[in-house]
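Reviewing the structure listed below.
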Amino acid sequence: MKGKSTKPDSKYNPSETEPKWPSSAKASAGKQKYDPSLIESKWQKIWEEQELYKAIDFDKKPKFYVLIEFPYPSGAGLHVGHVRSWSAMDAYSRKKRMEGKNVLYPIGWDAFGLPAENYALRMHLHPSTIVPQNIAKFKKQCKSLGLSFDWSREINTTDPRYYKWTQWIFLKFFEKGLAYRADVPVNWCPSCKTNLADEEVLTDGTHERCGATTEKRMQKQWLLRITKYADRLLEDLKLVDYSQKIATQQINWIGRSEGTTIRFKIKDLRFKNKEIEVFTTRPDTLFGATFIVLAPEHPIVASLIKSKIKNQKSKIKEIEEYIQKTQSKTEQERIAEGQDPSAGSGQEKTGVDTGLTAINPVNNEEIPIWIADYVVMGYGTGVIMAVPAHDKRDFEFAKKYNLPIKPVISCPNKKFKGAYIGEGKIINSGEWNGLSVPKENIKVVDWLKKKGLGEREVYYHLRDWVFSRQHYWGEPIPVVFCANCAKNKISNIKGTDYAIVPVPEDQLPVELPYLEKYEPSGTGESPLANAKDWVNTQCPACGRKARRETDTMPNWAGSNWYFLRYLDPHNDKALAGRKKMEYFMPVDIYQGGFEHTTLHLLYSRFVYKFLYDIGVVPTREPYKKRRSHGVVLGPDGRKMSKSFGNIINPDDIINKFGADTLRIYEMFMGPFDQTIVWSEESVEGCFRFLKRVWELSLNKVSNRNTSVKLLSKLHRTIKKVSQDLENLKFNTAIACLMEFIKDWRSDKSDKEGLNGDDLKKFLLILAPFAPHITEELWQKLQNSELQQSIHIQSFPNHDPILLEKEEVIIAIQINGKLRDTLSISFDEIENQQTLKRIAKESQKIKKYLKNRKIKKVIYVKGRVINFVIV
RNA sequence: GCCGCGGUGGUGGAAUGGUAGACACGAGGGCCUUAAGAGCCCUUGUCCGUAAGGGCGUGAGAGUUCGACUCUCUCCCGCGGCACCA
């Protein structure tokens, strides 16, 4: 198909200011076959020269910001998954533009991070060489798709002029005490040789990118205090329109849990005055608490071992052994245990008795204190009050170690043996008896508060965000460690030999030095430590010798705020101009992968909220609306991957069918938010559709009026396409366009077919989906040489009067079952009585009505007449 | 275990409580062609029937309704997320 005809754009001269449409394209109208390779690149060039898709700062038209997740430019090139999301949002953007909006649809490159580094290592090249190459490839592919990006705003996270501001944001976090260093258990990936954020580790303990099993390690890390924003990240979901699935997942991830902290006194003298604070969401079961369980990492455990309680030596030994055992358990082992379905609610629980007892504050009962690793230090207070009668895990533990089980909530099923977790009345609980829980839980909490025994408390599942990586290819963290400043107590962090001194703003960016050898060391130290000239620096505070931080930021750092940079990509005074942010923010619709819901999406909301608090950005939330798209699987139904050999390269599809077909296909193949399996045969169907559009537009158009029937269909199509596009229902919008083509082809009422003006309307509504073919046909339709692009025309409105011109088919039912249909003109739709009479006279219906009594007749306007008979 | 989303022809999928299966693919038949390809036309949920026509059909079962893929309840299955989170 390619290269058979002479190039029609040979006469096109790009140096002329006024665009000249290729005259050869017009001359051969009617005979020319649909050949995308002859038209697509031609128009791409022209659109680019005309800067057709440029968003204007402060334009009078209302702004509309459409955002897609900017890609990591991988060596593999564009994935058909990118194409799906970007083409769909391109169609959406184009429609918004045609509706008179000042649309911002930008693109950039998220090029820092592990994938780029790993790829460069594999290719034995430097990331700084690889990245520009990959970007060039991506860019070329994007352009060959005819996406209406505003290229003048292109950004790249690895550009020092960009990451200067990524570093600047970090300094602001540091300044406000929200970036801090701490010894934390980190997820270490032995394959990538770096630590990872919790969000990057999958449930089975593997790294989401490379699949290697991660290990827990203690290491000094930078953390961002996202937990401080937990409540607002949760609360402000009310301000935005995220799809249910996304909102729910964020809510679960933040994991807010309201409960009560209750203090238990330890009875042992050595722990006199020591209290254990437990967190529970079921304070109503306090009378049923029959033991206390400490997490193995709990500080009391350590002091217990130290105290060497008299006559309890053997016990101490037992405890020490247990602690050692749990610590050596890897994450993987714990999970493996949890996957045994026969083990009740989860793992086989293990624990050890401390020999200590605590006093239940409500009834002064003495209850034993145990240590068990089913209680984790990282959540709540790291201690629980165990109520085996009403908690599955406690129940299992009590059974195993023969601890008492005391029911305090009445269970409707008297024979029930196990932990009853349902609602009921409180029993065996003194003054509380008779209260219905959870309904009257609040009374219990108030009671505890009044007596000074407990306080309301909220805990979150969300943890602070581990923000440092021991890798080369990332933004350097802009701080230095200075021994001199520590000695002189200048900005020292307690208990360290080095003061952390932030690099002053005017010295940003701290540029990433060029390193020949950048492989991860595996020792937990960043390869940047080898760049001696770079590491050894002057302290910006005291001027003495100091060391730079060698850890870099995670690959999420650059994507935290990139959508702001699009608004003002060349600003060197601020991350973006305030006025521009006020004009364009918030993002009207943000479209991206579901897998980023608790990663990038949550992170960037947090960072944005912080920027809001320090007065940098103008709105509370960055994204007004968020939607996700489904994954595109290979033809074999598996995830596309090199090892399966099932990767579809968009270039191949473009070469064979053209970009318009590829775009249409990816939008048509199924609902946007659903997973889809690639099917080459179905691609051909879309190509056929465009071919028919081409043939009909050139051959079945005249100056005569379009038949009423077809005209009515056209206007219904306009309405449907407009609505569907608005609701991101791309698949049905295209189906409807196909239907129209089918009707047009089979329209026998007038051989001349469609009137030219009506064809224009059809092309206009097809244009967002298939920009090239529609532009070509649009230009062919014009009489003069110079015409404005179809893509800056107004999106047509449907004429409600024309909608009604067609005949209406009404279903006639007997007792809700279809028995006949009735074809009437639209004018008759209101004549209920007449319609019922006609329906009754139908031969088929008569048969059913014979000798039967009509109880009721229901008429649904224009849809159904239903005879209810006995 | 908890939370969320689903279950419709041979396949991808359509259906504000109102004609289930739009649109597309595939398959079968025909036309065109020396042939192949492309294109065009017809058929295509299933069962009975030559046909007209009729029965059955949206994971299973019940319910609400004149009418249920759609709403309610119970259950089964699949996918995704979280998970010894107190």
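Here the structure is a predicted model, which means the values were calculated and not measured. Naming: A, B, ... by sequence-line order, numbering from 1 per chain. Computed from heavy atoms alone, side chains included, the values below leave out hydrogens, waters and symmetry copies.
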Does the side chain of A:T227 pick up a donor-acceptor pair with the side chain of A:Y460 at under 3.5 Å? no

Whole angstrom is fine here: how far is it from CD in A:Q813 over to P in B:G18? 11 Å

Which nucleotide in B:A86, B:G53, B:C40 has an atom nearest any side-chain atom of A:I384: B:A86

In Watson-Crick or G-U wobble terms, both distances under 3.5 Å, what is the partner of B:A15? none

Selection from B:A24, B:C25, B:C84 that lies nearest to any side-chain heavy atom of A:M738: B:A24

Rounding to an integer number of angstrom, what distance separates B:U74 and B:G21 when you compare their C1' atoms? 28 Å

If the cut-off is 4.0 Å, is A:Y848 near the phosphate of B:G54, judged by side-chain N/O to OP1 or OP2? yes

If you go through the side-chain atoms of A:Q674, does one of them form a donor-acceptor pair with the base of B:G6 closer than 3.5 Å? no

Looking only at atom C1', what distance separates B:U58 and B:G45, rounded to whole Å? 11 Å

Here the distance between atom P of B:G13 and atom CD1 of A:I734, to the nearest Å, is 15 Å

Specify the glycosidic conformation (syn or anti) of B:G9, with syn defined as within 90° of 0. syn

Short side-chain N/O contact to B:G13 OP1/OP2 from A:T732, under 4.0 Å: no

Counter-base of B:U44, judged by Watson-Crick or G-U geometry with both distances under 3.5 Å: B:G26

Separation of the C1' atoms in B:A68 and B:G57, to the nearest angstrom: 14 Å

Picking from B:G26, B:A14, B:C82, which would you name as closest to the side chain of A:W253? B:C82

What contact category does A:F689 fall into here, base, sugar-phosphate, or nothing, at under 4.0 angstrom with non-hydrogen atoms? nothing

Applying a 4.0 Å non-hydrogen cut-off, can you work out what A:R692 is touching in the nucleic acid: base, sugar-phosphate, or nothing? sugar-phosphate

Which nucleotide in the list B:U19, B:G53, B:C23 gets nearest to the side chain of A:A811? B:U19

Considering every strand and a 4.0 Å limit on heavy-atom distances, what is the contact class for A:G685: base, sugar-phosphate, or nothing? sugar-phosphate

Rounded to the nearest Å, what distance is computed from the CZ atom of residue A:R627 to the P atom of nucleotide B:G4? 18 Å

A:V864 has a side chain; which of B:A86, B:G81, B:G18 sits nearest to it? B:G18

Give a yes/no on whether any side-chain N or O of A:R863 is located under 4.0 angstrom from OP1 or OP2 of B:G67. no

Please determine, for B:A83, whether a Watson-Crick or G-U wobble partner exists with both distances under 3.5 Å, and give it or none. none

Among B:A20, B:G53, B:A38, which is the nearest nucleotide to the side chain of A:K847? B:G53

Of all the choices, B:A86, B:U19, B:A24, which nucleotide is nearest to the side chain of A:I809 once you look at every atom? B:U19

With both distances kept under 3.5 Å, what pairs with B:A52, Watson-Crick or G-U wobble? none

Just checking A:V677: base, sugar-phosphate only, or nothing, at a heavy-atom cut-off of under 4.0 Å? nothing

Looking at every strand, decide which applies to A:K720 at a 4.0 Å heavy-atom threshold: base, sugar-phosphate, or nothing. nothing

When rounded to the nearest Å, what value does the distance between P atoms of B:U46 and B:G10 take? 7 Å

Quickly work out the A:R819 CZ to B:C66 P distance and round it to whole Å. 19 Å

N or O in side chain of A:N731 less than 4.0 angstrom from B:A14 OP1/OP2: yes

Counting only Watson-Crick or G-U wobble pairs whose two distances fall under 3.5 Å, which nucleotide matches B:U33? none

How is A:K844 classified with respect to the nucleic acid when contacts are heavy atoms under 4.0 Å: base, sugar-phosphate, or nothing? sugar-phosphate

Would you find a donor on one side and an acceptor on the other, under 3.5 Å apart, between the side chain of A:H629 and the backbone of A:F672? no

Given that A:M385 and A:I676 both sit by RNA chain B, which one's nearest nucleotide is further toward the 5' end? A:I676

Hey, does the side-chain of A:N252 have a donor or acceptor N/O within less than 3.5 Å of a partner on the base of B:C82? no

Residue A:T248, side-chain heavy atoms: nucleotide from B:G18, B:C23, B:C3 that is nearest: B:C3

When rounded to the nearest Å, what value does the distance between P atoms of B:G9 and B:U72 take? 23 Å

Between A:K400 (side chain) and A:K349 (backbone), is there a donor-acceptor pair under 3.5 Å? yes

Would you say B:G39 has OP1 or OP2 under 4.0 Å from some side-chain N or O of A:R688? yes

Rounded distance in Å between the P positions of B:G63 and B:U8: 25 Å

Any strand counts, and the cut-off is 3.5 Å on both contacts for Watson-Crick or G-U wobble. Which nucleotide pairs with B:G78? B:C5

For the C1' atoms, the ones on B:U70 and on B:A20, what distance do you get once it is rounded to whole angstrom? 11 Å

Would A:K656 and A:E680 pass as an ion pair if we require N to O under 4.0 Å? yes

CD1 of A:I276 to CD1 of A:I292: how many Å apart, nearest 0.5 Å? 6.0 Å

Can you check the A:L462 CG to B:C82 P distance for me, whole Å? 13 Å

Does any donor-acceptor pair link the side chain of A:K245 with the base of B:C5 at a separation under 3.5 Å? no

Report yes if a side-chain nitrogen or oxygen of A:K742 is closer than 4.0 Å to either non-bridging phosphate oxygen (OP1 or OP2) of B:C41; otherwise report no. no

Identity of whatever pairs with B:G63 - Watson-Crick or G-U, under 3.5 angstrom: B:C71

5'-most by nearest nucleotide on RNA chain B - A:T821 or A:K856: A:T821

In whole Å, what is the span from the CZ atom of A:F740 to the P atom of B:A22? 20 Å

Is there a donor-acceptor pair closer than 3.5 Å between any side-chain N or O of A:E828 and the backbone N or O of A:S825? yes

In plain terms, say whether A:D35 and A:K33 are close enough for a salt bridge, that is, a side-chain N and a carboxylate O under 4.0 Å apart. no

Would you mind reading off the distance between A:H461 atom NE2 and B:A86 atom P, rounded to a whole angstrom? 10 Å

Between A:K719 and A:Q723, is any side-chain donor less than 3.5 angstrom from a side-chain acceptor? no

Under 4.0 Å: is that the gap between some side-chain N or O of A:K691 and OP1 or OP2 of B:G39? yes

Looking at B:C23, B:C40, B:G4, which one has an atom nearest to any side-chain atom of A:Q244? B:G4

For the pair made of OH in A:Y459 and P in B:A83, what is the distance, rounded to whole Å? 19 Å

With side chain to side chain donor-acceptor pair (under 3.5 Å) as the criterion, how do A:Q591 and A:S85 come out once you've worked through the C-alpha distance, each side chain's angles and the decisive distance to 0.1 Å? CA-CA 8 Å; A:Q591 208 288 130; A:S85 156; 2.6 Å; yes

Nucleotide of B:C56, B:A86, B:C23 approaching A:Y379 most closely (side-chain heavy atoms): B:A86

Considering only atom C1', compute the distance from B:G53 to B:G59 and round it to an integer number of Å. 31 Å

Evaluate the ring planes of A:W370 and A:Y401, with Trp represented by its six-membered ring, and classify them as parallel (under 30°), tilted (30 to 60°) or perpendicular (over 60°). tilted

